Number of protein chains: 2
Amino acid sequence: MKKSDRTRQDILDATASSLSSAGYTATTVKSIAETIGMQDASIYYHFSSKDELVGEVLDIGTARAVTAVDQALAELPDAHDPREALRVAIIAHAEAVLGGGDYPRANVRTFGQLPPDLTHRHRQGHRNYGQIWTQLIDDGVESGALRGDLNRSVARLIIIGALCWAIEWFDAAEEVSAADVGEHVFQMVVNGLSVGEHESPAVSV
Amino acid sequence: MKKSDRTRQDILDATASSLSSAGYTATTVKSIAETIGMQDASIYYHFSSKDELVGEVLDIGTARAVTAVDQALAELPDAHDPREALRVAIIAHAEAVLGGGDYPRANVRTFGQLPPDLTHRHRQGHRNYGQIWTQLIDDGVESGALRGDLNRSVARLIIIGALCWAIEWFDAAEEVSAADVGEHVFQMVVNGLSVGEHESPAVSV
DNA sequence: TGACTTTTCTAGTGTGTACTAGATTTAATC
DNA sequence: GATTAAATCTAGTACACACTAGAAAAGTCA
């Protein structure tokens, strides 16, 4: 029993690592097996198919990203500026996807390259994640802290998009931390959304 | 001579279409041939390999995006606000990639899924394109219209990233045009960058 | 029409992929 | 230490892929 769990975990880790750096197609069952010193056929003792294995990795990645953002929001003081909530969420997302482990990264990296079955399997998870951001933006607009003249759905997708795409250049950008990227996205995007005379928040200016 | 050119163009068009909707791996030589009613082997009379064909499609896509942005900037009045230049460039990019043909779209869609040879082949093209944006941001900062306290390189990548990622959700977003997406990115990102008391531009507020 | 060139097709090759079946080894239990 | 169960391996299948060779067809022009 023990052995199996350990091996299973090794397989998941190797898959997450490969997905996050090489993408879906280049992640072959054989390459995963080689990474952990096994024959490719042995993988099938633990997982019934490549896609079931990949699906499990992506599930873990989604869960970790959601947890990271939820936890960051939970640590806010009871009465807080809705902009601060957005800031905390953006930075938590950036740290989870860029600086965190391979699992959340695999999620973003393989987005748009997955076979239809897997895409469909994770649609609900993505919707749920998007819901967190919809709520944050709605709170901001309804409290008057954020502009209401823009399409909220488009605004949400632009924020998430800027963060997700960062995975394509983050590794090559030296001297910039994951939190830095989040801070930049917040500074650019939220100060753009924010209504009024810009009492620029502590961090900048 | 005529026949060959026509067929060649059909092959390029079919490849661009497939790349932009299905990605690199799912774009097979056979599927391209089927789209235009040929046998897969016949493709090789016109192109020596799949990657040469794909490379040519990507070259065309890059050229079209560059042309679109350059042209939009050229149409600005001689004396213009650097923010307006950024706005015009952002909208031109959005229209080229989202609303334009399959070629620029293929470029963005396959980013990160290409084999190393092709990635390397287009590195210079991407750098040149990035240079346009670097210049726009530098102009803005040096004229005092844009904040100088943020990392310009990160800012540039965030803007381009927000635009590129839009390809992943744009088709599903109804009632939003490519120009709308560009306008939203500008409103969010540039008003966040801009220094001072926000004389919100005509379009919004 | 007939000679010639251009273009496409038929029929394959070789390689890499996910996956399977059954033998073999390793580990746990009595 | 023998028996059983768990885990891995060896050896293969079937299929999709990019690509090739040479025959066939289509087009061109005297």
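Proteins get letters first, then strands, A, B, ... in listed order; numbering begins at 1 in each. Computed from a predicted structure; not experimentally measured.
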Nearest-Å distance for atom pair CD1/P, residues Ile11(A) and dA7(D): 11 Å
Spacing of Met38(A) atom CE relative to dT26(C) atom P, expressed in whole Å: 13 Å
Closest non-hydrogen atom pair, Ala178(A) against Glu95(A): CB-CA, 3.9 Å
Thr110(B) side-chain N/O to Gln113(B) backbone N/O, donor-acceptor pair under 3.5 Å: no
Could you pull out the protein-nucleic contacts involving nucleotides 10-17 of chain C (nitrogen or oxygen on both sides, under 3.5 Å)?
none

For atom OH of Tyr44(A) and atom P of dC9(D), their distance in whole Å: 15 Å
Contact list for residues 129-140 of chain A, test salt bridge (Lys or Arg N to Asp or Glu O under 4.0 Å), sequence neighbours left out: Asp138(A)-Arg152(A)
Sorted by number, the residues of residues 13-21 of chain A with heavy-atom contact under 4.0 Å to DNA chain C: none
Under 4.0 angstrom between Tyr45(A) side-chain N/O and dT8(D) OP1 or OP2: no
SB check Arg105(A) Asp171(A) (cutoff 4.0 Å): yes
Residue list, salt bridge (Lys or Arg N to Asp or Glu O under 4.0 Å) with Glu52(B), at least two apart or on another chain: none
Minimum heavy-atom distance between Gly125(B) and Thr62(B), given as atom pair plus value: O-CG2, 4.4 Å
Below 4.0 Å: OP1/OP2 of dA18(C) and any side-chain N or O of Ser49(A): no
Pairs involving residues 8-33 of chain B, ordered by first then second residue, that meet salt bridge (Lys or Arg N to Asp or Glu O under 4.0 Å) (sequence neighbours left out): Arg6(B)-Asp10(B), Arg8(B)-Glu56(B)
Distance, rounded to the nearest Å, where Asp5(A) contributes CG and dA6(D) contributes P: 13 Å
Rounded interatomic separation in angstrom, taking CG from Leu53(B) and P from dA18(D): 11 Å
Short side-chain N/O contact to dT8(D) OP1/OP2 from His46(A), under 4.0 Å: yes
Pair Arg121(A) + Asp59(A): basic N to acidic O under 4.0 Å: yes
Interatomic distance, Asp117(A) CG vs dA18(C) P [rounded to whole Å]: 16 Å
Ring pair (Phe, Tyr, Trp, His ring centres under 6.0 Å) involving His126(A) - partner list, sequence neighbours excluded: Phe111(A)
Nucleotide dA7(D), atom C1' - distance to CD1 of Ile36(A) in whole Å: 12 Å
Interatomic distance where CZ belongs to Phe47(A) and P belongs to dT20(C) [whole Å]: 15 Å
